[in-house]
Amino acid sequence: MAGLQGLRGVIKKIGRQDNLQMNIWDLDHMNKIVPPFLFNMHSHSVAQSRESGEIQPVVEEGDSLGGYSQDSLTELITFAGLSHIDSVLKPILQHFDLNKLWISDKEFTAGVYVIVVEAMQPPRRQDRYKAVQSLVDHLDAKVKESWETKQGILGTLSKCVAVAADSSLGPSVLDIFRTLVRHLRISIETVSEGPSDLTSSLTFQQSITITVGEFAGVLPDYHKPDILGLINSYVPVASGGLDSGATTGLSVHPLAPQDTQNR
């Protein structure tokens with residue numbers, strides 16, 4: 001607790017804009033500040049489902065370490081502006097990677113990111129897309145990882161969509177859809193090369209489809225025609241099938257393996 005209080009003191013000095021004689025937002029410093037909060041939150045929390053279906057780590061009754069850590073992380077997110085939020089998000093993602101929490105505790109990873117997004121209160125709600133985009137970029141960087149790891153990232157992503165629905169998803173909304181649908185296509189093409197991990201891959205494909213639906217459900221109407229055209233450009237079609245490019249203006253290329261299941 002003494003160590004956590006020391007870190008909390010540093011965070012409060014950031015909020016008061018005191019001169020720390022160093023740039024505390026440097027990634028090297030944040031890599032030492034953020035993980036202790038996550039470690040104590042994970043060690044002293046239980047997963048609790050809300051009525052809305054969202055999952056958030058809730059501190060066990062009577063426990064002070066987990067609650068203090070969660071409050072400290074929330075305060076740190078509050079003080080981090082758009083220019084510094086990456087310095088907080090990167091250590092969080094790295095902690096999840098190193099401890100394999102994407103696989104072992106998906107509820108915790110989803111809960112932490114819900115806390116991150118909810119901490120961005122007005123007038124910073126427009127910044128929430130940055131947290132969503134960081135997850136999409138992380139998924140993109142894990143293209144060669146196991147299906148279970150990527151599915152854990154997708155699960156966390158889908159939980160954040162509902163929280164960020166009341167604000168703009170940012171100008172990168174097309175990139176979000178492009179990344180998700182591209183991973184779906186890669187998954188289909190990869191599985192066709194061998195049946196060894198077919199079940200995991202199919203589960204991953206279903207997760208992508210659900211996540212795409214979550215995003216599409218919160219989009220304003222003026223975005224939907226563009227997104228529909230984008231998805232059509234990635235849709236695998238059978239040889240001699242409907243040429244969607246004739247109506248969308250986008251070229252549609254069939255998947256290389258022409259077996260019935262993948263189509």
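Fair warning: this is a prediction, and the values are worked out from it, not measured in the lab.
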Next item on the list: Please assess K150 against I208 for the test side-chain contact (heavy atoms from CB on, under 4.5 Å), listing each intermediate value before the final yes or no.
Entry: CA-CA 10 Å; K150 293 187 286 187; I208 290 184; over 6 Å; no
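Side-chain N/O atoms of S201 and S187 include a donor and acceptor closer than 3.5 Å. For the residue pair T209 / Q205, no side-chain donor-acceptor distance below 3.5 Å is found, with atom types taken as modelled. Between the side chains of H42 and N99, not a single donor N or O lies within less than 3.5 Å of an accepting N or O.
With contacts defined as side-chain heavy-atom distances shorter than 4.5 Å, the pair D71/R8 qualifies. Two residues are said to be in side-chain contact when any heavy atoms from C-beta on lie closer than 4.5 Å; E118 and T74 fail this criterion. In this structure the side chain of P36 reaches within 4.5 angstrom of the side chain of L7, judged on heavy atoms. Taking the side chain as every heavy atom from C-beta outward, W25 and V88 approach each other to under 4.5 Å. Under the 4.5 Å side-chain criterion, counting only non-hydrogen atoms from C-beta, M41 is in contact with F108. Inter-residue side-chain proximity for D97 and H138 is flagged as met; some heavy-atom pair is nearer than 4.5 Å. Counting only heavy atoms from C-beta outward, the side chains of L27 and D86 never approach each other to under 4.5 Å. Proximity of V34 to H95: side-chain heavy atoms (C-beta onward) are nowhere separated by under 4.5 Å.
Atom OG of S87 sits about 7.5 Å away from atom CG of N23, to the nearest 0.5 Å. Atoms CG and CG, from N31 and D26 in turn, are 10.5 Å apart once rounded to the nearest 0.5 Å. Note that CG of L157 and CD of Q151 are 13.0 Å apart. Values are rounded to the nearest 0.5 Å. Interatomic distance, CG of D28 versus CD1 of I33, reported as 10.0 Å (0.5 Å rounding). Expressed to the nearest 0.5 Å, how far OG of S69 lies from CG of N40 amounts to 4.0 Å. Annotation: the span from H84 atom NE2 to I77 atom CD1 amounts to 12.5 Å, rounded to 0.5 Å.
In K142, the NZ atom is crowded: over 12 heavy atoms of neighbouring residues, nucleotides or ligands sit closer than 6.0 Å. Around atom NZ of K224, more than 12 heavy atoms belonging to other residues, nucleotides or ligands sit under 6.0 Å away. Atom CD of Q206 is surrounded by 12 or fewer heavy atoms from other residues, nucleotides or ligands within 6.0 Å.
Shortest non-hydrogen contact noted between S72 and I11 is O-CD1, 3.7 Å. When all heavy atoms are compared, the tightest approach of F215 to V132 is CZ-CG1, 3.7 Å. Between L139 and L180, the shortest heavy-atom contact is CD2-CD2, 4.0 Å. Shown here for A131 and L89, the closest heavy-atom pair between the two residues is CA-CD1, 4.0 Å. The two residues L93 and S134 have their closest heavy-atom pair at CD1-O, 4.1 Å. The minimum heavy-atom distance linking V114 with C160 is given by the pair N-SG, 4.4 Å.
Partners of T156 according to the side-chain hydrogen bond (donor to acceptor under 3.5 Å, both in side chains) rule, which considers only residues two or more places apart in sequence or in another chain, are T109. Applying the ring pair (Phe, Tyr, Trp, His ring centres under 6.0 Å) rule to F96 yields the partners W102; only residues at least two apart in sequence or on another chain are considered.
In this structure, L98 is not a member of the same hydrophobic cluster as L73, with clusters built from ILVMFWY side-chain heavy atoms closer than 4.5 Å.
Using cut-offs of 30° and 60° on the angle between ring planes, the pair H183 and F204 is perpendicular.
Ionic pairing of K12 and E75 is present here: one or more N-O contacts between side-chain nitrogen and carboxylate oxygen are shorter than 4.0 angstrom.
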